Amino acid sequence: MVNYPRGVRNAGSSVADQLKAGKHSQRGLTFGKRGMGLEDEINAANEYYLADHLAVIYKKPTPVTIVKVDYPARSAAKITEAYFQKPSTTDYNGVYQGRYLDFDAKETKNKTSFPMKNVHEHQVQHLANVVSQGGVGFLLVKFTTLDETYLYPAPELVAAWQRLEGHRSLSYDELKQDAYRIQPSLTPSLDYLKAVDDYLADLAAGIRSDRPKKRKQEKNMASSGPDQPSEKPS
């Protein structure tokens with residue numbers, strides 16, 4: 001018989017019982033993340049969420065067509081030629097508390113900005129389509145040199161990508177202003193669902209919107225009217 005858990009986050013879960021004294025230290029947090037890239041941390045978090053009945057989120061398989069396979073041994077096969085069927089959309093999708101999540105993972109060594117060229121136009125369009133259907137889309141952006149990771153909502157990504165014409169950089173301060181910082185934790189080391197909770201709470205309270213917010217420059221252009229000259233965004 002299959003038991004269907006409620007799948008909600010609560011303070012009385014078994015997570016607290018698994019945390020031993022002394023493991024909340026910064027040393028313990030650092031050791032737990034040693035050698036892990038952003039995707040490794042996300043994959044580990046997803047396994048944890050699934051095991052603890054919190055969410056069902058998976059990394060999407062990359063669509064590849066195999067052209068040639070060699071058999072160096074009877075019991076072994078080696079793919080020697082293949083090609084991508086089509087550009088992939090985003091890295092991850094799944095369900096959390098009845099909401100569809102769809103997101104991509106990006107890393108940068110820059111300390112002061114996030115290059116928009118790291119995000120492809122078809123990925124931005126995909127996330128816009130997800131949001132238009134009531135889903136929750138976002139980027140998880142890690143500044144590796146700073147060791148900081150943020151949840152950057154899709155509506156803000158769409159607006160920034162269009163404003164920066166898909167190739168200029170978004171400043172660190174602007175991204176930080178519109179994003180949710182994912183605080184270091186022990187189990188999992190990247191508990192990004194806490195940032196998702198904060199984002200969903202802000203959406204429900206009307207603090208956030210599923211529509212991109214307009215910058216002051218865009219508002220000034222709109223107020224100038226069609227018959228009045230206005231400056232072109234830099």
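Keep in mind the model is a prediction, meaning the values are calculated, not measured. Values reported hereafter were calculated over all heavy atoms of this structure, with side chains retained and with hydrogens, waters and symmetry mates removed.
Looking only at atom types and distance, the side chain of Asp102 has a donor-acceptor partner in the side chain of His126 under 3.5 Å away. Side-chain contact of Asp91 with Tyr58: a donor-acceptor pair under 3.5 Å is absent, judged by distance alone. Tyr96 and Asp197 share a side-chain donor-acceptor pair at under 3.5 Å. A side-chain N or O of Glu41 and one of Ser189 form a donor-acceptor pair less than 3.5 Å apart. Between the side chains of Tyr172 and Gln177, not a single donor N or O lies within less than 3.5 Å of an accepting N or O. Remark: the Lys60 side chain and the Thr89 side chain contain an N/O donor-acceptor pair separated by less than 3.5 Å.
Separation of atoms CG (Leu170) and OG (Ser113) is listed at 8.0 Å; rounding is to 0.5 Å. Note that CG of Leu190 and OG1 of Thr149 are 5.5 Å apart. Values are rounded to the nearest 0.5 Å. Residue His122 holds its NE2 atom at 9.0 Å from OG1 of Thr90, rounded to the nearest 0.5 Å. Atom-to-atom distance recorded for Glu39:CD and Glu107:CD is 7.5 Å, nearest 0.5 angstrom. Rounding to the nearest 0.5 Å gives a distance of 12.0 Å between NE2 of His167 and CD of Glu121. Distance NZ/Lys142 to CG/Asp147: 5.5 Å, rounded to 0.5 Å.
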Output, in order, the C-alpha distance, side-chain angles, deciding distance and verdict of side-chain contact (heavy atoms from CB on, under 4.5 Å) for Asp104 and Leu140.
CA-CA 6 Å; Asp104 204 76; Leu140 291 184; over 6 Å; no
Derivation and outcome, side-chain contact (heavy atoms from CB on, under 4.5 Å), residues Val158 and Leu127:
CA-CA 8 Å; Val158 172; Leu127 288 173; 5.6 Å; no
From CA spacing to verdict: side-chain contact (heavy atoms from CB on, under 4.5 Å), Asn46, Tyr192
CA-CA 10 Å; Asn46 290 344; Tyr192 66 87; 2.4 Å; yes
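Judged by distance alone, with hydrogens and angles left aside, the side-chain atoms of Arg168 form a donor-acceptor pair with the main-chain N or O of Arg163 at under 3.5 Å. Under the 3.5 Å distance criterion, the side-chain polar atoms of Asp52 are left unmatched by any main-chain donor or acceptor of Tyr48. At least one donor-acceptor pair closer than 3.5 Å links the side chain of Lys106 to the backbone N or O of Asn118. Looking only at distances, a side-chain donor or acceptor of Tyr49 sits under 3.5 Å from a matching main-chain atom of Leu193. Using modelled atom types, no side-chain atom of Thr108 and backbone atom of Phe143 make a donor-acceptor pair closer than 3.5 Å.
By the 4.5 Å side-chain criterion applied to Ile, Leu, Val, Met, Phe, Trp and Tyr, Val130 is assigned to a cluster that also includes Tyr100.
With sequence neighbours left out, Phe114 forms a ring pair (Phe, Tyr, Trp, His ring centres under 6.0 Å) with no residue at all. Taking Asn129 as the reference, Gln125 meet the side-chain hydrogen bond (donor to acceptor under 3.5 Å, both in side chains) condition, with sequence neighbours excluded. Under the rule for a side-chain hydrogen bond (donor to acceptor under 3.5 Å, both in side chains), Asn110 has no partner lying at least two apart in sequence or in another chain. Scored by the ring pair (Phe, Tyr, Trp, His ring centres under 6.0 Å) test, Tyr150 finds no partners at all (sequence neighbours excluded). Checked against side-chain contact (heavy atoms from CB on, under 4.5 Å), Thr112 has no partners two or more places apart in sequence or in another chain.
The existence of a salt bridge linking Arg208 and Glu156 is confirmed by a sub-4.0 Å separation between a basic side-chain nitrogen and an acidic carboxylate oxygen. Electrostatic pairing of Lys176 and Glu148 does not count as a salt bridge here, judged by no charged N lying under 4.0 Å from a carboxylate O.
Between Phe138 and Phe103, the distance from one ring center to the other falls under 6.0 angstrom.
Across Gly134 and Arg99, no two heavy atoms sit closer than the pair O-NH2, 3.5 Å. The two residues Ser209 and Pro155 make their nearest non-hydrogen contact at O-CG, 4.0 Å. Between Val131 and Asp210, the shortest heavy-atom contact is CG1-O, 3.5 Å. Among all heavy-atom pairs drawn from Leu151 and Pro153, the shortest one is O-CD, 3.6 Å.
Cluster membership check: Leu146 shares its hydrophobic cluster with Leu139, using side-chain heavy-atom separations under 4.5 Å among Ile, Leu, Val, Met, Phe, Trp and Tyr.
Leu101 is not listed as a side-chain neighbour of Asn93, based on a closest heavy-atom distance of 4.5 Å or more.
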